[in-house]
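Working notes, beginning with the structure itself.
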Amino acid sequence: QIAILVADGVDSASLRPLREGLVAAGAQCTVVGPWLGTVRSASQRKLEVDATFASMPSVMFDAVLLPAGAQAAQALAASGEAVHFVHEAYKHCKTLCAVGEGAQLLAGLKLPEGDTPGVLVVPTPAVSTGDTESVPAIVQQFVHGLGRHR
């Protein structure tokens, strides 16, 4: 069970192949956002939100994916509910994966310096140029982290 945290401005172009790769690897993904309904991606596409931070706590998930998207990352980092969601997930030893700007939310958690076990920070895949070669590696690293049960 993977929670994908979103807000308006999420990078849906890089999120889509990551989500598809995780589902293909056997994961169940739930899009969690500040409200039910939809959020608008950076490219103005609508993305369905399955649950809210208030209605679905992080302890219900095995991992959290923080996708790329500067506007979404800024909104999530400014949201007390989103910060609490990720902090609680970290405290309960859930695996975290931050893609690109999604890492902004990790900055406020005061994680240990250096390479933190169970926390994967990766650059945004260049899917807008058709380069999806890095997506399988990101998915593999994330799934491997899930299997290690931090």
Side-chain angles (χ1 to χ4, degrees), residues 1-34 38-51 53 56-77 79 82-83 85-150:
Q1 291 285 340
I2 298 174
I4 301 173
L5 273 54
V6 299
D8 284 336
V10 66
D11 182 356
S12 61
S14 67
L15 175 57
R16 182 180 308 122
L18 288 171
R19 184 178 183 179
E20 289 171 355
L22 290 168
V23 169
Q28 293 180 353
C29 297
T30 301
V31 177
V32 182
T38 60
V39 295
R40 290 223 177 250
S41 72
S43 60
Q44 299 303 308
R45 291 189 172 96
K46 289 182 180 181
L47 181 64
E48 254 338 284
V49 175
D50 303 315
F53 302 119
M56 190 70 79
S58 66
V59 296
M60 301 299 292
F61 299 96
D62 300 306
V64 178
L65 174 64
L66 305 168
Q71 181 186 353
Q74 194 172 33
L76 291 172
S79 164
V83 171
F85 188 98
V86 176
H87 191 243
E88 185 179 57
Y90 178 75
K91 286 183 1 184
H92 285 97
C93 298
K94 310 297 183 174
T95 302
L96 306 177
C97 179
V99 181
E101 300 92 349
Q104 288 179 22
L105 193 54
L106 298 177
L109 299 182
K110 298 181 176 99
L111 300 178
E113 292 291 322
D115 197 19
T116 306
V119 179
L120 175 64
V121 179
V122 296
T124 306
V127 295
S128 60
T129 61
D131 178 14
T132 58
E133 289 183 21
S134 62
V135 172
I138 295 169
V139 169
Q140 183 180 20
Q141 287 177 308
F142 193 21
V143 170
H144 178 71
L146 274 164
R148 291 179 57 195
H149 299 289
R150 184 179 73 84

Flag the pair L146 / I2 as yes when at least one side-chain heavy-atom distance between them is below 4.5 Å, and no otherwise. yes
Taking it one step at a time, do V99 and D11 satisfy side-chain contact (heavy atoms from CB on, under 4.5 Å)? CA-CA 10 Å; V99 181; D11 182 356; over 6 Å; no
Contact check, side chains of F61 and V32, non-hydrogen atoms, under 4.5 Å: yes
Answer yes or no: does atom CD of Q28 have more than 12 heavy-atom neighbours from other residues, nucleotides or ligands under 6.0 Å? no
Is any side-chain heavy atom of D50 closer than 4.5 Å to one of M56? no
Can you give me the closest heavy-atom contact between A25 and V143, atom names plus distance? CB-CG2, 4.0 Å
Restricting to side-chain hydrogen bond (donor to acceptor under 3.5 Å, both in side chains), what partner residues turn up for Q74, sequence neighbours left out? none
Is the backbone N or O of A68 less than 3.5 Å from a side-chain atom of E101, with the two atoms forming a donor-acceptor pair by type? no
May I ask you to test the V39-V31 pair for a side-chain heavy-atom distance under 4.5 Å? no
Looking only at heavy atoms, what is the nearest atom pair of P57 and F85, with distance? C-CE1, 3.7 Å
Find the distance between CG (L15) and CD (E20) and round it off to the nearest 0.5 Å. 9.5 Å
Can you tell me if CD on E88 sees more than 12 non-hydrogen neighbours from other groups inside 6.0 Å? yes
Verify side-chain contact (heavy atoms from CB on, under 4.5 Å) between K46 and R40, making sure each step is shown before the conclusion. CA-CA 5 Å; K46 289 182 180 181; R40 290 223 177 250; 3.3 Å; yes
Roughly how far, to the nearest 0.5 Å, is the NZ atom of K94 from the CE atom of M60? 9.5 Å
Heavy atoms of V49 and V6 approach each other most closely as CG2-CG2, 4.1 Å
Heavy atoms, side chains only, cut-off 4.5 Å: are L66 and L96 in contact? no
Heavy-atom side-chain contact between L47 and S12 under 4.5 Å: no
Closest heavy-atom pair, I4 versus P67, reported as atoms and distance to 0.1 Å, is CG2-CG, 4.1 Å
Can you tell me how far the CG atom of L76 sits from the CZ atom of F53, to the nearest 0.5 Å? 5.0 Å
Looking at every heavy atom in both A13 and P17, which two are closest together, and how far apart are they? O-CD, 3.1 Å
Considering all heavy atoms, the nearest A72-A7 contact: CB-O, 3.5 Å
Any side-chain to backbone donor/acceptor pair from T95 onto A63? Under 3.5 Å, distance only. no
